Amino acid sequence: MFLSKKLCVYCLGIGLMLAVASGQIFAATRPLTTDILPSGVPLPFPAPGMQSSSDDWNSTLFADTYGVRSWLNHYGLRFSLQDVEEVWGVASGGLHQGASYNGMSAASLTFDPSRIGGWKYGLFNVSALQIRGRSATSDNVGALNTLSGYDAQRSLRLFELWYGQGFLGNRLDVRVGSLDLDTEFMVSQNASLFLNASFGWPLSASTDLYSGGPSWPYSAPGVRIRYNPLYPLVLMFAATDDNPTGGPFYPSQDNPAQNLSGTRFGVSNGALFMFEAQLWVDAARRLGLDHAALPGTWKIGGYYDTGSFPDRRYSANGRILAAPDASVSPRYYHGNWMVYGVFDQTIWRIEGDTPRAASVFIRITGNDGIKNTFSFGAEAGLTVQGIVPHRKDDVLGIAWGAGFFGRRAKQAAEDSLLYSGEITSGRKSEHHIELTWQTPILPWLNIQPDFQYIWNVGGGASSQSDTPAIPNAAIFGLNVSSTF
């Protein structure tokens, strides 16, 4: 019902805009380069960054062909097109050895209304995705952590649709519309180099929210507020619908996830509230070092979801779900939450004609072990730029990640073994390590070879009830990213 209290929550941003509309209006924050890409993707180091100036097309294949883009920019319009092609090969372990392909094309259009006499520095943004190929993760590996952020259901869909406006000297920025939250919340800039999807939107949120929450390739109607009360501090808040597909928590063949077109704008389930505080840090200055700046961003945040969430062990009639006398439906609880911390820090940097830098990242997530499959998650890694001879823009990285099962999920796995003799996911924590090398070939073309090793695949699950656990998997991949 569109006049519900939930909808009122989503309209808070509009009310805030009207409350300050009588004052001077300032520039809205431009979309991050990740706004039409999943968070865990190859991006120029350090990533994510701001879009280039509106008249700079040197990093695109077609540049300003016949002056079309300059002409569009004169009227406030900017069109961007990006393409990603990936090939993955399972060399050993997993479900099957073999190769697979997946790809994605993303188009976005922004409009600055000040160019035709509208509100100065406002920004309208719309984007769409075409996702293709097969899932190497589900077809050949069987892992919980998806090999790539682009490994998603095949579709042609609307992605984001929002309007943003800045206020108070651009210290306050408000977006209202259909939003993807994983480009701004919980993201680590240095982790964005890596391809495994868990280095973007974490495994716990992807598994423990309806349809994985409003994260790539999904968006949901809502409002995002970003406030910079003083230089080193940024405060962020968002309120959106918590179920971008409108489907059940456990989709099935009879009741699958919906909204493949991205045009469902419902608010009939629960509300998802997210908050984050960011602190920009120069470690060299804080430590009193006579050294080039060592920038870093430290974040703490969390979310609360007002929806209903299933118990991972008990049924609605109070019996163990694996027991013969258990009801089909699990027991449901109202509300769910998660807290997290992100540490992004440059630890070494040399300025000059060939800049060199090394940065680390750490992210920790935590929630309760009753309503969530994963109650704890951790990722950490190192990225290095400028150490490859004659390749000053190349970036190398190594990272590790793991999702740790909650108490009820572990108990449910033991119950399944007791009642049915099947070895199910939930007995062991799945770990993965990734080695990657991003190399810009041309200003508009990046190539990124990648290697991932996953142990305890599927959390110790087996491909069939009468077979051993899925063996540890070694996977090689290649990502090719182009900007047109």
Side-chain angles (χ1 to χ4, degrees), residues 32-34 36-49 59-61 80-91 99-106 129 131-137 140-141 143 145-152 183 187-201 216 355-361 379 381-401 432-454 473-484:
L32 294 174
T33 54
T34 53
I36 57 171
L37 298 174
S39 297
V41 300
L43 294 168
F45 182 86
S59 60
T60 64
L61 172 61
S80 299
L81 180 63
Q82 293 170 291
D83 181 80
V84 173
E85 310 292 333
E86 290 185 336
V87 178
W88 296 95
V90 180
S100 63
Y101 159 83
N102 62 271
M104 180 229 52
S105 298
L129 305 170
I131 305 169
R132 55 193 176 273
R134 299 190 63 86
S135 171
T137 307
N140 295 338
V141 182
N145 294 278
T146 307
L147 295 178
S148 168
Y150 301 110
D151 186 341
T183 56
V187 67
S188 160
Q189 293 183 357
N190 293 297
S192 294
L193 171 71
F194 299 91
L195 298 180
N196 192 288
S198 68
F199 294 116
W201 196 245
W216 197 96
R356 291 176 288 174
S359 300
V360 297
F361 73 88
E379 297 87 29
L382 168 71
T383 62
V384 183
Q385 180 191 21
I387 65 170
V388 179
H390 312 296
R391 302 289 308 173
K392 65 177 182 178
D393 295 322
D394 285 17
V395 187
L396 287 80
I398 181 171
W400 160 88
H432 60 281
I433 190 168
E434 179 174 352
L435 298 170
T436 198
W437 181 357
Q438 182 187 99
T439 175
I441 303 301
L442 295 167
W444 53 271
L445 176 66
N446 279 346
I447 293 180
Q448 184 164 354
D450 191 81
F451 173 76
Q452 298 183 34
Y453 189 81
I454 305 174
I475 307 104
F476 291 89
L478 179 66
N479 173 290
V480 180
S481 179
S482 308
T483 304
F484 299 94

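Computed from a prediction, not measured in an experiment: that's the story for all the values here.
- Once rounded to the nearest 0.5 Å, the distance linking CD1 of Ile131 with CE of Met104 reads 7.5 Å.
- Considering CG of Leu478 and CD1 of Ile447, their distance stands at 6.5 Å, rounded to 0.5 Å.
- Using a 4.5 Å heavy-atom threshold, the side chains of Val480 and Leu445 count as touching.
- A side-chain donor-acceptor contact under 3.5 Å links Asp450 and Gln452.
- Using cut-offs of 30° and 60° for the angle between ring planes, the Trp216 and Tyr150 rings count as perpendicular.
- Between the side chain of Glu434 and the backbone N or O of Leu195 there is at least one donor-acceptor pair closer than 3.5 Å.
- For the residue pair Ser482 / Asp83, no side-chain donor-acceptor distance below 3.5 Å is found, with atom types taken as modelled.
- For the atom pair Ser105 OG and Arg132 CZ, the distance stands at 4.0 Å (nearest 0.5 Å).
- Looking only at side-chain heavy atoms (C-beta outward), Trp88 and Asn102 come within less than 4.5 Å of each other.
- Taken from CG in Leu193 to OG1 in Thr436, the straight-line distance is 5.5 Å, to the nearest 0.5 Å.
- Thr439 and Gln448 share no side-chain donor-acceptor pair at under 3.5 Å.
- Taking CH2 from Trp437 and CG from Leu396, the interatomic distance works out to 6.0 Å, rounded to the nearest 0.5 Å.
- A salt bridge does not link Arg356 to Asp394: none of the charged nitrogens lies less than 4.0 Å from a carboxylate oxygen.
- To the nearest 0.5 Å, the span separating CG on Leu147 from OG on Ser100 amounts to 8.0 Å.
- Taking the six-membered ring for Trp, Phe194 and His432 have ring centres at least 6.0 Å apart.
- Trp444 and Thr60 get closest at one heavy-atom pair: CB-C, 3.7 Å.
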Q: Would you check, one step at a time, whether the test side chain to side chain donor-acceptor pair (under 3.5 Å) holds for Thr146 with Asp151?
A: CA-CA 7 Å; Thr146 307; Asp151 186 341; 5.5 Å; no
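- Of all non-hydrogen atoms in Thr137 and Asn145, the two that sit nearest each other are CG2-O, 4.1 Å.
- When every heavy atom of Ala143 is checked against every heavy atom of Ile454, the shortest pair comes out as CB-CD1, 3.8 Å.
- Looking at every heavy atom in both residues, Leu382 comes nearest to Ala358 through CD1-CB, 4.4 Å.
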Q: Check the pair Asn196 / Ser198 against side chain to side chain donor-acceptor pair (under 3.5 Å), numbers first and verdict last.
A: CA-CA 6 Å; Asn196 192 288; Ser198 68; 2.8 Å; yes
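- Considering every non-hydrogen atom in both Ser481 and Val84, the closest pair reads OG-CG2, 4.0 Å.
- Contact of the Phe476 side chain with the Val90 side chain is not registered, since no non-hydrogen atoms from C-beta on lie closer than 4.5 Å.
- Heavy atoms only, all atoms of each residue included: Ala191 and Phe199 are closest at CB-O, 3.5 Å.
- Between Val141 and Ile475, some side-chain heavy-atom pair lies under the 4.5 Å cut-off.
- Under the 4.5 Å side-chain criterion, counting only non-hydrogen atoms from C-beta, Gln438 is not in contact with Pro449.
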